[in-house]
Structures are given as C-alpha cells and as structure tokens.
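For reference, the structure is listed below as structure tokens.
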Amino acid sequence: MTGTSSDQAASAKAGDELRIDAPHRELLDQVHDRWSLSVLNELCERPSRFNALRRAIPQVSQKSLTATLRRLERNGVVEPEIVSTRPVAVIYRITPLGKTLRDPIDVLLAWADDHLSNIQRAREAFDDALDGV
C-alpha cells in the first residue's frame, strides 16, 4: 500500500487496517519497555535525580536506568537539566511531549483492568491445555 503516514493513520482510524510500521514499532518498544513506564510514572509526579529514581524503582539496575533515560531522552520524552557541576547533578523531567503519553497509557491500563479476569482465564485454559498434552 502506498501513501503518506498521515493517510495510513487516517485509514487505520477509519477501521480499514491496523498497521504498525518499523518506526512505530521501534518507538513503542522503547517507550513501553520494561523500565520506561516506571520511569515515566515517577517523572509525571515530579522531576527527579538519578538516585531518587533508583530508590523509587529499586528493581532497576544502574545500567538499565541509564539506558532507559537515554532512550527516553533520545525520543524527546525526558530531558535532563544539569543543576550543578561539582559534583555533577542532573535532574530529569518529563517533557511536554512526554506528558502527552499519559492519556494513551491510561487507556491501555483501563483496558487491562477491564479485561484482566478474562485474560487470566484464557491463560489458565491455555496452560491447562498444555499440561494435558
């Protein structure tokens, strides 16, 4: 199919097709990876320094948090602000673009809440069928 991405988006909104192209997949993978939602959740509440984020998300390693913040910064969702140079202190904050993610994420979470019992039943049925094989 040919056409501009806005044509494709309009077509998808009209219900003709659901299409997730490589740039969309890459962005969704980066924004919805293991730690990004936790980081975004924290930064939606307040700007935070790196160590404050580590304390708020104790399961994340320093390496993973650094990589997550860099990906979010690269995508324009998070921005660092250097507040002192000795020692270097950086505060991370969500950008206006990042704030626009809140509504779609809330919609996905609401969907999950509404359907979690159905999903759990489907998982159990699937697992039971595998156990019977």
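Only heavy atoms go into these numbers, but all of them, side chains included; no hydrogens, no water, no symmetry mates.
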State which residues pass salt bridge (charged side-chain N to carboxylate O under 4.0 Å, His left out) with R25; sequence neighbours excluded, sorted by chain then number. D29
Please output the side-chain donor-acceptor pairs of residues 48-61 that fall under 3.5 Å, not counting sequence neighbours, one pair per line with the distance.
{"from": "S48", "atom 1": "OG", "to": "R46", "atom 2": "O", "distance (Å)": "3.4"}
{"from": "S61", "atom 1": "OG", "to": "S64", "atom 2": "N", "distance (Å)": "3.0"}
{"from": "S61", "atom 1": "OG", "to": "S64", "atom 2": "OG", "distance (Å)": "3.1"}

Would you mind listing every side chain to side chain donor-acceptor pair (under 3.5 Å) that reaches into residues 122-133, with sequence neighbours excluded? Q120-E124
Do D21 and R19 come within less than 4.5 Å of each other through their side chains, counting heavy atoms only? yes
Name the atoms and distances for all side-chain donor-acceptor pairs under 3.5 Å in residues 89-96, with sequence neighbours left out.
{"from": "R93", "atom 1": "NH2", "to": "E81", "atom 2": "OE1", "distance (Å)": "2.8"}
{"from": "T95", "atom 1": "OG1", "to": "G76", "atom 2": "O", "distance (Å)": "2.6"}
{"from": "T95", "atom 1": "OG1", "to": "V77", "atom 2": "O", "distance (Å)": "3.2"}
{"from": "T95", "atom 1": "OG1", "to": "L97", "atom 2": "N", "distance (Å)": "3.4"}
{"from": "T95", "atom 1": "OG1", "to": "G98", "atom 2": "N", "distance (Å)": "3.0"}

Check residues 34-41 and write down every donor-acceptor pair under 3.5 Å in which the side-chain atom is one partner and the other belongs to a residue at least two apart or another chain.
{"from": "S36", "atom 1": "OG", "to": "Q30", "atom 2": "O", "distance (Å)": "2.9"}
{"from": "S36", "atom 1": "OG", "to": "D33", "atom 2": "OD1", "distance (Å)": "2.6"}

Only pairs at least two apart or in different chains count here, so list each ring pair (Phe, Tyr, Trp, His ring centres under 6.0 Å) that has a residue in residues 114-133. W111-H115
For residues 57-69, pull every pair meeting salt bridge (charged side-chain N to carboxylate O under 4.0 Å, His left out), keeping only residues two or more places apart or in separate chains. none
Under the salt bridge (charged side-chain N to carboxylate O under 4.0 Å, His left out) test, residues paired with D106 that sit two or more places apart: R102
For N118, what residues pass the side chain to side chain donor-acceptor pair (under 3.5 Å) criterion, not counting sequence neighbours? R121
Look up atom CG in L72 and atom CG in L101, then write down how far apart they are to the nearest 0.5 Å. 9.0 Å
Give, for atom CG of D103 and atom CG of L108, the distance between the pair rounded to the nearest 0.5 Å. 11.5 Å
Between the main-chain N or O of P87 and the side-chain N or O of S84, is there a donor-acceptor pair closer than 3.5 Å? yes
Do V88 and V78 share a hydrophobic cluster, counting only Ile, Leu, Val, Met, Phe, Trp and Tyr and linking them when any side-chain heavy atoms are less than 4.5 Å apart? yes
Set of residues satisfying salt bridge (charged side-chain N to carboxylate O under 4.0 Å, His left out) with respect to E73, sequence neighbours excluded: none
Kindly write out the residues that satisfy salt bridge (charged side-chain N to carboxylate O under 4.0 Å, His left out) with R86, not counting sequence neighbours, or none if the list is empty. none
Does CG belonging to L116 count more than 12 external heavy atoms closer than 6.0 Å? yes
